[in-house]
Structure formats: C-alpha cells, structure tokens
There are 2 protein chains.
Amino acid sequence: MPAVTLQDVAARAGVSQATASRVLNGSTRIPGEGVADRVRTAARELGYVPNAQAQALARASTGLLGLIVHDIADPYFSSIVRGVQAASRTARKQVLLASTDRDFDIERESVSTFIAHRADAIVLAGSRQSGHLDREIEGEFGRYRANGGRVVVIGQPLAFGSAVEPENHFASAELADALVASGHTEFAVIGGPASIRTSVDRRNGFVEALGRRGLTPLVEVSGNFTRDGGHSAAQRLAAALQLTPDHGRKPPCVFAVTDVMAIGAIAAWREMGLIVPRDVCIAGFDDIPTLRDHTPSLTTVALPLEEIGMRAVALALRLDADDLRERVPGDVILRDSTRLS
Amino acid sequence: MPAVTLQDVAARAGVSQATASRVLNGSTRIPGEGVADRVRTAARELGYVPNAQAQALARASTGLLGLIVHDIADPYFSSIVRGVQAASRTARKQVLLASTDRDFDIERESVSTFIAHRADAIVLAGSRQSGHLDREIEGEFGRYRANGGRVVVIGQPLAFGSAVEPENHFASAELADALVASGHTEFAVIGGPASIRTSVDRRNGFVEALGRRGLTPLVEVSGNFTRDGGHSAAQRLAAALQLTPDHGRKPPCVFAVTDVMAIGAIAAWREMGLIVPRDVCIAGFDDIPTLRDHTPSLTTVALPLEEIGMRAVALALRLDADDLRERVPGDVILRDSTRLS
DNA sequence: CTGAAAGCGCTTACAG
DNA sequence: CTGAAAGCGCTTACAG
C-alpha cells in the first residue's frame, strides 16, 4: 500500500505533475488560482504528504541539520540542544541527533552517517582533543565542505568551519578576580582532561589571574568532564588539603572547570562530612539550569547555553559567508558556595 | 562540485553501477573478490559516501527514527532520549529529534515532517491530552501506518500503535503504602494537568491507596508538568495548610506527581523558610538523574528512563508484530524528604 | 557472477 | 501559465 504520490494528485486534479509540484511545493511560478485550487483539493482528499527524500534528491538540499553532542543527558548539552531545536524549527530544518557518549569512534561514525544523509550542515558540540579531529574524519569533512556542507563547532574552533566560542580563558580570569575581591586567598583547581582545550583554557585563565595577584593554587587535580569525574577529583583534593569537617580554618576556594564536575565534588565532600561553604568553597562554570535548585547555590560563570545553540544554527545556515567565529562572553555569578562567613 | 557518485566509482573500477552497488552496499549477492576489491579501492580513493536519500528512495526505508519529546532540557526526557539514542545506534538507525515545548501545534507539525521524511517509525514521548490526538493528526498517522510506518508511544497508549507504559497507578499506590508504613498520617497532593492521563493515574493510584486505609488528602493542588508548575502549586499548598517555619507539628506528606514538580516545590518552600522534611515532607515520581545530587534527597518512584527509551526503539523496530504494549514497573525509593524525625 | 534498464518520487530548465 | 522530459543517485528484478 504505497503512499500517495504527486502523480496521483496531478491525475486527480487533471493537471501535469509539474503543475502539481508548483502549486504544492511553492515556487515563484504560481499557477492560476482555479488550477491551484483543484490541485490543493486533490492533495487534501488524497492525504498527500510530499516525500522529503525525493525532494532532497531532486533539489540538492535535504533540510537536515546534523547535531553531535557528547551526552544528551548532560544538562549542559541538553540546554544547547534546546536552543538548536528552537532555531531549527524557525528555520524549518529538521535535526538529526547523535549522542556519542564521549566515544570518538561513535563520533566519527555519526559524522559519516550525517554526511551520507547529506545534512545541509553539521554542528559539533563539546570540545574534543586539542582542537583537531583525526585525519580520516578531517578528510571527510573536507569533501563535505567542498560539496557545500557547512560545519559549525561549539567550543574551540577547528582548523576549518565556523565556531561559537565561549570566552573561557577571559571569563575564568574574571571569576578568579571576583573571588579574590570577595576575600578568598587560598585556591585549588579541579580541572578536566589535559587534552581538551576548553578545560585547559578555563584552568589557565583562572590560574593566570591568580598569578597576577601573586597567588598560586595550593593544589590541582583533574578528572573527566562528568559528575563522577568531579566526584573522584574532589576526594583526592580533600585528601591533599587534609580537609576535615569543621576544621575551623578559612575554607579554601576550589574552581571546578564545569558545573557538572562541581556538583559531583560537592556530593563527594558531603559524603565526607564536609560542608560547603563552611569547610570548603567551590565555583563552577556554565550555569546549567539544574543549578537553580541546587543546594548550596553554586558560584559560576554563566553561559547563555540555549543562545549558543541558536547561534550555532544561525552560523550553520549562513551559506553566503565563509567560516566565522563568534565569541560568547560569560557572566560571573557569585552565590552561596563561595560565601565567606 | 557535486559529490562523488556510485557511477563515478563504477567507472573508475571498470564495472557496472549495479556491481558497484552490490559490493559497496552489501547485498547477499557478493561479486568475485577481484572485482569487489577494485570497487572498494575506487570508492576509497574517490572518497565515496553513499547518498542515503537516494538509497532511501530506491529502497523504501530511510533508516530514520522520529522522536518527539516535550522538552529536551527536562531531565526526564533527556534520559529517555539517551536510551533511544543508544538503541538506535546499535540498530543503525538515525534519530530525527523534535522538542515541542509542549506546544500541540508544534507536535502536529513535527509528526507531519517526520512522515514527509518517511521515518521508518515515530516515537512519541510524553503524555498528551486524554490519550487521543486530534482528528487531523490521527488521519495522518492512519495513512502512515498503512504505508508501513510504526508508531510507539511512551506513556499511555493511543487508540493505535505500540506503547511503553509505566505502571503509574500501581506504583503510586505502592508509594502511598510505603509512606503510610513509614509513619505518615497526613497527606496532600500536587497534581498535574487534569487532561493528562499520566498525571491522573498517579494521583488516583496514590489517593485510592490512601482511601483503602481510611485516609484522604488534606488538600490537592495542581500545576503544569514543570519545575515552575510545582513551584507555584507548592505555594498554594503551603497557604492552604498554613505551613509556617518550624511549626512543630507533624509534617504533612505531599505527593508531587513528577520529580521535576517536587523539586520546584521544595524550592518554593525553601524560599518561604520551610524546611523539608522538618516542616513538610514530599515525594516525587520518575527518579530523574538530577535527584542524585539534590538536597534533601527525594523520595520517589524510580522508573528506568533509559531502558524505557530503548524499549520504545525495540518496539518501533518490530515489523513482524502488531501493536504491543509493554508495562514498566516503578520502584518505590524512600529517602530523606519523607523522613520523620 | 555481471550488466542494461526500469523505477523510486520529486524538481526544474526548456518549450510552447 | 502549463506540460513533456530529463535528471537527482541509488537498488533490484530480469536476462545473460
């Protein structure tokens, strides 16, 4: 029981397929109203739904936007995806989603599949190893771009394509300054993977700003860009600093390079009986929506996550322009987690 | 600069297009090794990427799975999407995602677009008004199914299609029993929209179980299925119950029909100076991952969200079977938010 | 095993 | 304004 085809509609309306196509799938060449009405009526009566695959083949544009994230269940990514969704809808693009679980093979596979599906653009969210992809995937992207495909990265720019780039370094420095201004004098850092630039930029921005004031972190530990990565890093950090419940000293101020890690850290400390901000203070980065109802409220650098997703789509749709870079500033927000009593 | 085509590959390998197709896009009919090698080499050298749109047209299966959720940034949905992603990947299906923002027009639009893209199956997550769609969308689904499309709902079943159905009523009753067993005697309910069955089932399951013990809620309020919906409902509830900080009486136990609402409620109460579980107790439903790091820890009914997503995909892929229903039990988990001192 | 050819459902110059 | 026809890039009976 095959679907109703344009041909069916044309036949019922007593016109050619070309005419039916013109009235139904809007071109500038508008047939006479009488004809147009007949076609529309026939389409409605038959329940005609255009075959997007066939249209894509005939046109050479699929209306598909490929979106790759590390983990759709991570609030950082799901917020971005929300923005991408909103912008795609208004642009009448459909989004093809891949959540890679931070597996590079899966990411490569997803890119291939998206290219096979001839997505008009591919958006890569989430930073990757030192700003470059492997040879193979880079070759694929090269051909893809040569054939008119657009690629947009959220995070640090690749050697090609457009990018929406949060000002990680600068904002982290501002955070450090704000923390110092609020009275903190002892710091520590929970960093992410050394190979990931977002992680390195945030860490460096923070540490360098401290340096300018003659300060240096007491200790630095690192973990994966996940809640559990922050959790285990926080345990090591507590040991290194010999933090004990109610130690009475001034609490050290820890900078975790993502909110998700900061939340994991707080959980780890709570399990140890350590209270934030009494025994240890902490700040994160991103301002994921989850933070809104987290206790204690978390000091962080707010990034307009949804807007970042929307801007990525805007870049993906700019066929006129070449590769562009858009910088996104972060907003330092001081909350309870770094409050000195 | 058009992309490399199968024809190009065939030419370079000195074989027919048919042969190239057979070796590259696996059929049972395997050409001789010599030929096959030549084709594969040519494809590699040219950087051939099959055009999935053309394949879809020629085959009559797109390998696309349409997924519709209310809000991708809501942890309930993003967890489900994670499961859908995982299962789709192993099944080598691509996911077309739509986040409707709970807007019915957008949902209808998304269904149409997915059908236009000839998705092999469409998964609808998130309950909708009283278990039926409007006429128009139902007609579209009818034709879609007649043409071989599968539809799967997560939540209450529609009049057609398969469904993954959490045992809302039963699990809510179990929750009520557990709460009573733990010493609670006064209850209240924060419900969702009256038109949504998931909401009604959970509320009824809970209230009926109380009834069996001769108990009845002191008050019921309701709000949207969102954090803010829970937030405002909680304010009304606190007023109705005249809750004040440290009132010293036994805290009433509130059942919010979703975790997201419960979290909003706790936030509202905190703003009023009310402490959970000292002044008021609360339980939710779903066990969203966010709960893990929430304070106080929230009593809830755990649903295997990711697994639900995976099972929906499994149902979507069962071309053999007719419409199926799978029930998913919930697990009552008592935590601090309902702890009686 | 291999190839010529038709067909999948559209769009779009090109004529009229 | 309207139509006949070619073409988009594949797959798959049907012959050989």
Side-chain angles (χ1 to χ4, degrees), chain A residues 1-39 42-43 46-64 113 115-120 143 147-148, chain B residues 1-39 42-43 46-64 113 115-120 143 147-148:
Chain A
M1 213 174 308
V4 175
T5 188
L6 223 210
Q7 190 54 268
D8 299 335
V9 175
R12 170 178 266 253
V15 301
S16 76
Q17 198 181 178
T19 298
S21 170
R22 289 195 266 255
V23 359
L24 256 23
N25 303 317
S27 68
T28 18
R29 328 202 64 350
I30 313 156
E33 257 320 302
V35 188
D37 271 347
R38 288 218 312 284
V39 173
L46 260 27
Y48 170 71
V49 179
N51 184 324
Q53 311 285 333
Q55 291 183 312
L57 197 54
R59 288 173 175 157
S61 161
T62 57
L64 255 27
T113 312
I115 293 180
H117 278 274
R118 301 297 190 263
D120 295 336
R143 284 185 293 269
N147 298 333
Chain B
M1 210 176 309
V4 174
T5 188
L6 223 210
Q7 189 55 265
D8 299 334
V9 176
R12 170 179 266 253
V15 302
S16 75
Q17 199 182 176
T19 298
S21 169
R22 290 196 265 254
V23 359
L24 257 22
N25 303 318
S27 67
T28 19
R29 328 202 64 351
I30 314 158
E33 257 321 303
V35 188
D37 271 346
R38 289 217 312 283
V39 173
L46 259 28
Y48 170 70
V49 179
N51 184 323
Q53 312 284 335
Q55 292 183 312
L57 198 55
R59 288 173 175 158
S61 160
T62 56
L64 255 29
T113 313
I115 293 180
H117 279 274
R118 300 298 189 261
D120 296 336
R143 283 184 292 271
N147 298 331

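All chains are named by letter (A, B, ...) in the order of the sequence lines, taking the proteins before the strands, and each is independently numbered beginning at 1.
Toward the 5' end of DNA chain C, the nearer of the two residues B/Gly14 and A/Ala54, judged by each one's closest nucleotide, is B/Gly14.
One can place CD of A/Gln7 at 12 Å from P of D/dG3, the figure rounded to the nearest angstrom. Per the geometry, CD belonging to B/Gln53 stands 15 Å off P belonging to C/dG9, to the nearest Å. Computed from coordinates, the A/Gln17 CD to C/dG9 P distance equals 10 Å when rounded to whole Å. Rounded to whole angstrom, the span from the CD atom of B/Gln55 across to the P atom of D/dG9 amounts to 13 Å. A/Leu6 has its CG atom 11 Å from the P atom of C/dG9, to the nearest Å. Atom CG of A/Asn51 and atom P of C/dG7 are 18 Å apart (whole Å). In this structure, CZ of B/Arg118 is placed 13 Å from P of C/dC8, rounded to the nearest angstrom. Per the geometry, CG belonging to B/Asn147 stands 13 Å off C1' belonging to C/dG9, to the nearest Å.
The minimum heavy-atom distance linking A/Ala20 with A/Leu6 is given by the pair CB-CD2, 3.4 Å.
B/Ile115 is not listed as a side-chain neighbour of B/Asn147, based on a closest heavy-atom distance of 4.5 Å or more. Looking only at side-chain heavy atoms (C-beta outward), B/Arg118 and A/Val49 come within less than 4.5 Å of each other. The shortest side-chain heavy-atom distance between B/Leu64 and A/His117 falls under the 4.5 Å cut-off.
The gap from the C1' atom of D/dT12 to that of D/dG16 amounts to 16 Å, rounded to the nearest Å.
Proximity note for B/Ala58 (side chain, C-beta onward) versus D/dC8, D/dG9, D/dG3: the nearest is D/dG9. Here the side chain of A/Ala18 is nearest to one of C/dT11, D/dT2, D/dA4, namely D/dA4. Distance from the side chain of A/Val15 is smallest for D/dG3 among the nucleotides D/dG3, C/dG3, D/dC10. With C/dG9, C/dG7, C/dT12 as the choices, the nucleotide that has an atom nearest any side-chain atom of A/Arg59 turns out to be C/dT12. Picking from D/dC10, C/dG9, D/dT12 the nucleotide with the shortest atom distance to the side chain of B/Arg22 gives D/dT12.
Legend: residues meeting side chain to side chain donor-acceptor pair (under 3.5 Å) with A/Arg12, ordered by chain and number and at least two apart, are A/Glu45. Residues forming a salt bridge (Lys or Arg N to Asp or Glu O under 4.0 Å) with B/Asp120 (at least two apart in sequence, or on another chain): B/Lys93.
In this structure, B/Ser21 does not reach the D/dC10 phosphate: none of its side-chain N or O atoms is under 4.0 Å from OP1 or OP2. Contact annotation: A/Thr5 reaches the phosphate of C/dC10 (side-chain N/O to OP1 or OP2, under 4.0 Å).
No donor-acceptor pair closer than 3.5 Å links the side chain of B/Gln53 to the backbone N or O of A/Ala54.
Base pairing in DNA chain C gives the following stems of 3 or more Watson-Crick or G-U pairs, range against range and under 3.5 Å: C:1-3 with D:14-16, C:5-12 with D:5-12, C:14-16 with D:1-3.
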